[in-house]
Structure formats: structure tokens, C-alpha cells
Amino acid sequence: MVEDGHSNTDARRIEAQRTNSGLTSNLESVPSLQGVNFADMSTLNTQSDSIRPSYLNAAAGCVQLWSQTLIPTTREAPGDAKTPSHIFLTRAGYVRQVGAGIYNYLPLAWRSLKKISEIVRQEMDAAGASEMLMPAMMPIELYKDTKRDVDYGDLLFTFEDRHGRRTALGPTHEEVITDLMCGALTSYKQFPLNLYQIQTKFRDEARPRAGLLRCREFIMKDAYSFHMELEGQAGLNAAYDKMYQAYTNIFTRCGLDFSAVEADAGPIGGSASHEFMVNCESGEDTILVCPQSGYAANVEKAEIGTRPHSFDLAPSAEIAKHHTPNMPGIDGVAEHLGLQASGMLKSIVFQTIEETPRWVVAVVRGDHDVNEAKVRDAVGVSVELAPEKQAIEAGFIIGYVSPKTIDTIKQVLVVDPDALGANSWGTGADEKDHHITGFNWSRDMATHIASNSIKVADIRNAQAGDPSPRADGAFLEERRGIEVGHIFKLGTKYSQAMGLSVLDKNQKKQDVIMGCYGIGVSRTLSACIEMSHDDNGIIWPAAIAPYHVQIIALKPKAEGVMEEAHTLAKELSVQGIDVLIDDRDDRPGSKFKDADLVGIPVRFIISPKTIEAESIEFKARSDADRAQLIPRDQAIVSAMSSLAKND
RNA sequence: CAGGGUGUAGCUCAGCUUGGUAGAGCGUCUGGUUUGGGACCAGAAGGUCGCAGGUUCAAGUCCUGUCUCCCUGACCA
């Protein structure tokens, strides 16, 4: 049997699969699978080819016995695990914690991570990017030119080697790759270029949380593209669009429910940026969407549609001063003054980040939040919250600041349109423990309005109910999400800082234009669980499930049960399906509970009863119902069509 | 970084107020009875009570210091 050419070919394909994909097949550990005649399976192949899901293995899938791997499930989660992904990853035996924000990836987790990585690789390669690997550690000097040794601050893990050299563990690799390119990119003819890696990253997060969602050590795909121009086929814009499409493909193939939203580029800099968010209520990011135009943006970035405003509202009350001691929150002060928070002005003191810093006072309505990035855009320079000590030295009475400080302190005064929409406001008295009521812009700020020294700009976070910036008459809605991907147009920020330039066609020296593109691989794993689970455990999309099918052998010691499990596993694996056989000699109840926890999409149950009836029990993890009895010869087709629904 | 909490068996936790033989459930191991949604009986193994000092005849418990981990916020490509 084994001599026939067909099975030899298949055996070689299996071997190739083992060595190439890293998804180790355990065929040799399953005695009954040795010497399989694969030719016998040909009928099965033709039977199910039409519904074959695309994510199945090209060659044979793997078969793993539960008893031969490590899946330490627990009945109880640690008391401090709060989020579903943290609870289920721990309970189902995917991860174990090592330290704050540091985890072991156990066999199940690692299999899923490899599947996500493989999808990422395929789509990145298809989009013309090349995989490489940079080091995780690097001399701190590398970050000097871009000043990120300071900008990144405590987020950077550093240590000293035996010679006293300060070394950093890479939080991201813009500097490393730009430095590499300084020596490797020598001609405009080499462009465009897109390089990526999948690697462990390190960030000393102030507060790691929620299991794998915010870790200090995590797996990330980071890609960097290099261009001589923005436009055209070889330009940054085209590469950015290509990455946008690749990301859309990746997250679609992973089976995620996600949104691509406009984002603020943040300290990484650059002109345009999109985030890919897994949609789920427990997400820590807020997204605003316009139901009419499809506009979607992170709250840090979301624009607000035009809001009419004017300085001309007539005063309706005299200014009155009130004693308001020990009231830190604006709500408390408002209540004391008999006002709503929306009847107050909130004045936040910023400082510009430039050689001679200027004071910036940003004024928004009391119930709104100042958006630092928007203040930055309004002023035209980066800003930071003013250091309290310096602000006090300059004369600001922190906690009691009003727009009237402009009378005494030279500053840039920026006001949000909504902070002009009433004729009488409560605000700080610029005096400790005191607030005023009756503030009116046209009366109390007349000279500054006349001299045009007050800037009106959108400087607050958008919120549900705000006018849409893209469709007249439409209003923004709020959603929550988990950021799993982020793409940036960097421009020349890094190449300029590090001297990466190349002679162009006209022999003119040009700074290289860059883009960078990240995917949180390990975060994607947990985001997926946040998005897809029930009370009993994980419900994996088939494409990134550690195994496609789980076979539960009930009474595995009974005659014929394990033999039947192996036979079915063999039939499935030939189809490219990865199979986990629960061969533990346990009671049915605990095996069902564990199967629900682990979340494999398709479940077969084999027992002496089903063998007797020449049937088998079948259940999709996503179905609420109990398993149903089906004829044994329909097992493969049932599995295939159930998995195909997931494709 | 601010505030709050935590650390005792492989896991989840009690014991600490009021100092005096180290506890429970789950899990593990042995034997038996069981076997379709986390079984039952009998037995067993398993802990320098985070670490370091101190008080005391005696410290898991009181005192001081220190570390860890978690939560809320700040922070965060």
C-alpha cells in the first residue's frame, strides 16, 4: 500500500509542510496514521472541494493528542482578571502570567499566533513587502538623533551592558531601519521599498493591563516603506493605500469585525494615519462615526462639523465673585454656583514645545474635554500640559484660571466655538478659592476681540451628537474599539533627523520619504476573544483557531473509540484540517466544559454509543444547541461546510 | 506618577481585629464505586505564610522597611 507513488508524494508534502510552516504535524506520534493510503481519500477530496475554506492547510493538517500537549485549563480564573480575553486565555490554558505585562504563550496560544502571523506574512508579501528581522536590542545612541530617547521617556526599556553602554530594548524600529537604510540605500533606482518584520517588542508601559491587551512584551508586525516621492506608482501615497488594503485583507481573513478609522499621528509624527479597530464594547478607544458619510475617526482625531458662533452675545448679568474652596472638580463648582457644567468655562494652561515656550490657554465648555492634538493644530506648534510649578510662577492660579488672564499674562488664547454660545458664563476668578459668574465675552473681552487676539478653533474631543464634519445635518455616533493596526505616512521626519537622503534622477539630493505600518499580533489574539466569546469560553473564527476541529473521545479506553477517533482525525487532516483529539480518560462533563472554554470551531464526539450506531455527534462551537447525531459518512462534509460558513 | 488593594498548598481563597499545633474547596496521586455538561466513598502527597529586620517566652497574625502583583485614573504608535 505504502509503495504506491501517490502516498509517497503526499508524505513528502506533509514533510514539506512540517518544515515550512512551523505547524508541526504530529503524524508520526499517532501510530495508526503511519502508512496511510492517501489514495483512498480521493473520493473525499472531490466530495468537499467545492466548499473548501481557503484558510485550511495546503497539505495535510496536523493531529494532536490533548494528553501529549500542555493545555492547563482551570475552573477558576485569577480573581483580578476582569476582561473576558484575560479570563478565558488563562482558564483555557492559552497563557500563564510571568510578571506584570509578561506572559508565557502556551501551545494553543502559540498556534493561533502563528496562524495570525502567517496571514500577515501572506498579505504583506502579496503587497510587495519583504520580511526581514532586526535586533530587539540596540544602543541608546540610535535614538539620540530623533530625540526619542527623551520623547519616549520611561516607555523605553534600557539597561547597561558589562561595559557600561546603555542599551535599549526596541519599542519599535524606525531608527534601526533608517540607520540601516543610510548605508544600504544608495540610488533612487532602488525605490520603492517596503520591509517588515514580526518580532517581540518591549515597552515599559506605566500600567500594563487586561492580560494580553496591554503588555510590556508583545508580538508586533512592523513595516517600513521608502520612497522618493509622494505621488505616482512608486510614491508613498500608493504604498499607503496598498497597506490599507493589505490590512483590510488581513483582518478580514482573521475573521474580525473591525473598522478602519482616521487617527492622530501622535508623537510618531507624519501627515496621515489610520487605525484598524476591532469593534467591541469593552475596547479602550473611542471612535466617532458619521452614519451618513461613513466618516470614522478616533476621538483624538475626530473633527466636528461647523458650529456657528459669535462674540456678540449681549451680557445678561453682572460679574459676581463666589468663594469656592476645596472644589477640585468642575461639577462640584458648578453645583455650588447653581449652574450646569455646560454653563461653565474650562481654561486649561498649555505650553508650546519650542525654544522659547509660549503660554497657551485653551478654553472649552465645562462639560467638554480639551483635545491636545487640536490645540497643537490651532497653535501650529506642539504643546504640552503646562508644568504646574512653572505655570504658577508665571502667575496662573491653577484651578481658577479664566480667559481674563490674557489681561495680565502674555499668551495665546484659543477658544472652542461652543465656549462662546452663551451670554453668561461661570469661570475661574484668577484668584485662589474663587470663581465668578456672569462672564460675558463681548463685554469682558472687548479689547482683545477688537485687537483680534483671540483665536476660535475646534479644540475639544468630539462626542456623540456633535455635527458630522462630512455630511450636513448628520450627527456623530460613538463606538468602542481595540486598536490592532495602525498605518502612518511618516514623510521625512526620520530621514531628515538621521540623514537618510539619496540623489534623484536630476542628481539632486533628496530626503527619503517614509511610511510605517504596525499590527499588534498578540493583541489581535486577545482582541478577537473580546469580540467573540460567550459565558462558557472562547468562540474562535476558524482562520485563527489553534485547531479547526476537536474530537472528543468519550470512554477512550473502550474498545474501538480511540481507533475511530484516529481514523476520523486522519480523514480530516488529509483535507488540510488541524485536529485536536481529547483523549483524556475523564468524565464527559469536564471534557465538554473544557471544549467550550478552548473554543475550537467544530466538535465531534465519539463514544461506544456512536460507534454502535455507525454515527457520530457533531456540534459547531457557535451553536447554542447540544450536539446532533449525524451519519458517520457525513462527518467530513459537515465539518467542511461548518468551517466554510466561517470563511 | 497619584489613589486604593493584594501576597498563606498547583489554582481560588479563609485565618490576621484579640499572638499560642498551618486551614477549606478545587486540582494532583492511590484504591474502589461510577460515566453524556466540571461525580461519589476511603486514603495520601503538597506550604521556610513575598522578602528582610524588629517586638515577644512565642509572630501568618503586632511594628518598621522593602519588593511583587492587581484595580481606578494619569499616561499610551
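Every chain is numbered from 1 and lettered A, B, ... according to where its sequence line falls, protein lines coming before strand lines. Every heavy atom of this structure was used, including side-chain atoms; hydrogens, water molecules and symmetry mates were not.
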J.: For the P atoms, the ones on B/U17 and on B/G27, what distance do you get once it is rounded to whole angstrom?
T.: 33 Å
J.: Please measure how far the P atom in B/G37 lies from the corresponding atom in B/A52, and state the result in whole Å.
T.: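 Looking at atom P only, B/G37 and B/A52 are 50 Å apart.
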J.: Could you tell me whether the side chains of A/S495 and A/D511 share a donor-acceptor contact shorter than 3.5 Å?
T.: no
J.: Looking at the side chain of A/L597, which of B/G38, B/U12, B/G37 is the nearest nucleotide?
T.: B/G38
J.: For nucleotides B/C71 and B/G31, find the distance between their P atoms and express it as a whole number of Å.
T.: 43 Å
J.: Need to verify one output field. Residue with the more 5' nearest nucleotide on RNA chain B, A/G211 or A/I606?
T.: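 The answer here is A/I606.
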J.: Under 4.0 Å between a Lys/Arg side-chain N and an Asp/Glu carboxylate O for A/D367 and A/R460?
T.: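 Here A/D367 does not pair with A/R460 in a salt bridge, since their nearest N and O are not under 4.0 Å apart.
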J.: Hey, does the side chain of A/R75 come within less than 4.0 Å of B/G27's phosphate (OP1/OP2), counting only N and O?
T.: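 Answer is yes, contact under 4.0 Å.
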J.: Between A/E564 and A/R632, is there a salt bridge with N-O shorter than 4.0 Å?
T.: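 So A/R632 pairs with A/E564 through a salt bridge.
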J.: Which whole number of Å gives the distance between the P atom of B/U55 and that of B/C63?
T.: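 Comparing P positions in B/U55 and B/C63 gives a spacing of 15 Å.
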J.: Compare the minimum distances between each of B/C71, B/G38, B/G36 and the side chain of A/K82, then state the nucleotide with the smallest one.
T.: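 Per side-chain heavy atoms of A/K82, the pick is B/C71.
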J.: What interatomic distance, in whole Å, is found between P of B/C26 and the corresponding atom of B/G19?
T.: 33 Å
J.: Considering just the side-chain nitrogens and oxygens of A/R587, establish if one lies under 4.0 Å of OP1 or OP2 belonging to B/A39.
T.: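 Answer yes for this pair, as a side-chain N or O of A/R587 is under 4.0 Å from OP1 or OP2.
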J.: Out of B/G37, B/C76, B/G38, which nucleotide sits closest to the side chain of A/K619?
T.: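 Closest nucleotide among those given: B/G37.
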J.: Run the salt-bridge test on A/K301 and A/E275 with the 4.0 Å N-O cut-off and return the result as yes or no.
T.: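 No, this pair does not count.
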J.: Determine the Euclidean distance between corresponding C1' atoms of B/U8 and B/G73; express it in Å to zero decimal places.
T.: 31 Å
J.: Taking OP1 and OP2 of B/C70, is either one under 4.0 Å from a side-chain nitrogen or oxygen of A/R209?
T.: no
J.: Whole Å only: how far is the CD atom of A/Q97 from the P atom of B/C70?
T.: 5 Å
J.: Please report, rounded to the nearest Å, how far the P atom of B/G27 is from the CD atom of A/E76.
T.: 10 Å
J.: Quick one: label A/K591 by what it contacts on the DNA or RNA (base, sugar-phosphate, nothing), any heavy atom closer than 4.0 Å.
T.: nothing
J.: Please step through ring pair (Phe, Tyr, Trp, His ring centres under 6.0 Å) for the pair A/F276 and A/Y244, ending with a clear verdict.
T.: CA-CA 9 Å; A/F276 288 77; A/Y244 186 102; 5.4 Å; yes
J.: On RNA chain B, does the nearest nucleotide to A/D585 precede the nearest nucleotide to A/H86 from the 5' side, or the other way round? Give the residue.
T.: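 Comparing both residues, the 5'-ward one is A/D585.
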J.: For the C1' atoms, the ones on B/A24 and on B/C49, what distance do you get once it is rounded to whole angstrom?
T.: 16 Å
J.: Check the distance between B/U35's P and A/I605's CD1 and give it to me in whole angstrom.
T.: 18 Å
J.: Is there a donor and acceptor pair, one atom on the side chain of A/D586 and one on the base of B/G38, closer than 3.5 Å?
T.: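 Flag unset: no donor-acceptor pair detected.
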J.: Looking for any heavy atom pair under 4.0 Å, which part of the strands does A/P72 touch: base, sugar-phosphate only, or nothing?
T.: nothing
J.: Please evaluate the base of B/G10 for a donor-acceptor partner in the side chain of A/T74 within a cut-off of under 3.5 Å?
T.: no
J.: On the nucleotide B/C11, are OP1 or OP2 found under 4.0 Å from the side-chain N or O atoms that A/R96 carries?
T.: no
J.: How is A/E617 classified with respect to the nucleic acid when contacts are heavy atoms under 4.0 Å: base, sugar-phosphate, or nothing?
T.: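 Counting heavy atoms under 4.0 Å across all strands, the contact made by A/E617 includes a base.
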J.: Under 4.0 Å between any heavy atoms, over every strand shown, what does A/R523 touch: base, sugar-phosphate, or nothing? Just pick one.
T.: nothing
J.: Can you check the distance between B/G25 and B/G3, where both ends of the measurement are the C1' atom (answer in whole Å)?
T.: 34 Å
J.: For the pair A/S642 (side chain) and A/A639 (backbone), establish whether a donor and an acceptor sit closer than 3.5 Å, ignoring hydrogens and angles.
T.: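 No.
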